[in-house]
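I have placed the structure first, in the form of structure tokens, so that the comments after it can refer back to it.
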Amino acid sequence: MTVAHDFPFDPSNGYTLEMLLQIAPGNEVDGFAEFWQNNYQQVMEAPLRYKVEAEVWSSVDSDKTYRIKFENYDGQSITMWIARPENSCGGLLQGQGYSNPGAPCVSEFGLTTAYACVRGLGFSQCKNIPWMPHKHVLHGIDCKENYILRGVIADQWMAARVLLDMFPDTEENLCYTGGSMGGGMGALLLAWDKRFRAAYLNIPTFGSEVRFDHQSTGSGEACRMYVLEHPEALEVLRWFDASAAAKYISIPTACAPAQFDPCVAPVGQFSIANALSDKIKTLFIREVGHFAPTLHDKKLNEDILQWCRKNFTVE
């Protein structure tokens, strides 16, 4: 596959599809599972503190959409939205990409849909955390307890608690979708959280450290450049390897890595996809990611939508 581009590097990382499908997940550091299980328990055992600030206008007439503010276990204030359709058939937590979203979500697949702006981004910006992606991804990188990804995963877990508390009927069918940053967050959070029933991870970030061997334009490039000057940071980043977490996921999961992606190195994406157990995985291989979609990928999007409709609906 050849894609015309003007990047000063190869967004395919020089790998064929056959090579990408052989990439192994990152090596799991000792204590990895215990670290994440403890983080999850800390969120689940914290007091549940949230306030519905307003019901806001929705572009979908049948939705009731709410703006909510909650406090996480460490006191961090987070803003989220929940869109409730007339006839909800479950719940959906959506993980954000590395941007600063300013609009509420709408319901998807007939599910009560929740979208949280994780700490430092969008409506959860604050004075102590930089909102620019290349700075946000380095925040607290001095140690695993302080690193930003520990906090953003905690924000997603707490957002799911808020959703389930407001609408308990979503408990029997809670699902997850996320792309780019949201895909990587999904692998890290779903591995330890048994509340979810199915998930879709699109062009996921935070894969094996093999991604640092390749230039990109995304948040991973900020990490790559930082590691060149501070190689000790790898010891922290290994605790946040989404490919090391992915093998613990036990629910039906669709994953769509891209063979060509200037923003998120394909080698990292495939390290996550390859780590998922064949028993639970449905693989959709994109030709490109973070780039104008090809005809193949436009058709693939229809196939992915069909998978989500089938797996996110309880008959």
Is the F206 to F240 ring centre distance short of 6.0 Å?
no

Separation between NE2 (H134) and CE (M225), nearest 0.5 Å, reads 12.0 Å

Tell me yes or no: between the side chains of D193 and Y176, is some donor less than 3.5 Å from an acceptor?
no

Does any part of the side chain of L92, heavy atoms only, come nearer than 4.5 Å to the side chain of Q94, both counted from C-beta?
yes

Let me confirm one number: the CD1-OG distance from I78 to S124, rounded to the nearest 0.5 Å.
4.0 Å

Quick one about Y98 and H136 (side-chain donor to acceptor, distance below 3.5 Å, no hydrogens or angles considered), yes or no?
yes

Do the side chains of D165 and R161 get close enough for a salt bridge, i.e. N-O under 4.0 angstrom?
no

Say whether V162 and V152 are linked into one hydrophobic cluster, either directly or through other cluster members, by side-chain heavy-atom distances under 4.5 angstrom.
yes

Taking the six-membered ring for Trp, are W157 and W36 parallel (under 30°), tilted (30 to 60°) or perpendicular (over 60°)?
perpendicular

For the pair T16 (side chain) and M19 (backbone), establish whether a donor and an acceptor sit closer than 3.5 Å, ignoring hydrogens and angles.
yes

Given the rule in the side chain to side chain contact (heavy atoms under 4.5 Å, CB included) test, do V52 and M166 qualify, once you have shown the distances and angles that lead to the verdict?
CA-CA 10 Å; V52 178; M166 282 186 65; 3.9 Å; yes

So, does T205 use its side chain to make a donor-acceptor pair with the main chain of S180 at under 3.5 Å?
yes

Can you pull the salt bridge (Lys or Arg N to Asp or Glu O under 4.0 Å) pairs that have at least one residue in residues 233-247, sequence neighbours excluded?
E28-K247, E209-R238, E235-R238

Nearest-0.5 Å distance, CG of residue L188 to CD1 of residue I272
7.5 Å

From CD1 (I280) to SG (C255), nearest 0.5 Å:
9.5 Å

P262 to H290 - nearest heavy-atom pair and separation
CG-O, 3.7 Å

For W192 and Y248, I'd like to know if the aromatic rings sit close, meaning centre-to-centre distance below 6.0 Å.
yes

Could you walk me through whether H5 and F260 satisfy the ring pair (Phe, Tyr, Trp, His ring centres under 6.0 Å) test, starting with their C-alpha distance in whole Å, then the side-chain angles of each, then the deciding distance to 0.1 Å, before giving a yes or no?
CA-CA 10 Å; H5 68 89; F260 172 103; 5.5 Å; yes

Does N173 use its side chain to pair, donor to acceptor, with the backbone of F312 at less than 3.5 Å?
yes

Would a distance-only check, ignoring hydrogens and angles, find a side-chain to backbone donor-acceptor pair under 3.5 Å from S243 to G26?
yes

Check: A254 main-chain N/O paired with K281 side-chain donor or acceptor under 3.5 Å:
no

Residues pairing under salt bridge (Lys or Arg N to Asp or Glu O under 4.0 Å) where one sits in residues 71-97, two or more places apart or in two chains, turn out to be R49-E71, D74-R119, R84-D169

Joint hydrophobic cluster, V288 plus I285, side-chain heavy atoms closer than 4.5 Å
no

Does any donor atom in the side chain of Y200 or N202 lie under 3.5 Å from an acceptor atom in the other side chain?
yes

Residues N72, D155; criterion side chain to side chain contact (heavy atoms under 4.5 Å, CB included); working and verdict
CA-CA 7 Å; N72 213 329; D155 295 339; 2.8 Å; yes

Pairs where residues 262-274 contributes a residue and the test side-chain hydrogen bond (donor to acceptor under 3.5 Å, both in side chains) is met, not counting sequence neighbours
D261-Q269

For a 4.5 angstrom cut-off between non-hydrogen side-chain atoms, does C105 reach T65?
no

Would the distance check show the side chain of T170 and the main-chain N or O of F167 forming a donor-acceptor pair, the cut-off being under 3.5 Å?
yes

Is it true that R224 and E221 make a salt bridge, defined as a side-chain N closer than 4.0 Å to a carboxylate O?
yes

Under a 3.5 Å distance rule, please check whether N13 uses its side chain to pair with a backbone N or O of V267 as donor and acceptor.
yes

Looking only at atom types and distance, does a side-chain atom of S12 sit under 3.5 Å from a main-chain N or O of D10, one as donor and one as acceptor?
no

From CG (N301) to CD (Q306), nearest 0.5 Å:
11.5 Å

Please round to the nearest 0.5 Å and tell me the distance separating atom CE of M80 and atom OH of Y50.
9.5 Å

Hey, mind stepping through L190 and I251 against side chain to side chain contact (heavy atoms under 4.5 Å, CB included) and telling me if it holds?
CA-CA 9 Å; L190 293 166; I251 58 174; 4.2 Å; yes

Pair W239-V29, side chain to side chain contact (heavy atoms under 4.5 Å, CB included): steps then yes or no
CA-CA 7 Å; W239 292 93; V29 296; 3.6 Å; yes

Are the side chain of R197 and the backbone N or O of N311 linked by a donor-acceptor pair below 3.5 Å?
yes

Can any side-chain N or O of Y147 pair as donor or acceptor with the backbone N or O of V137 at less than 3.5 Å?
yes

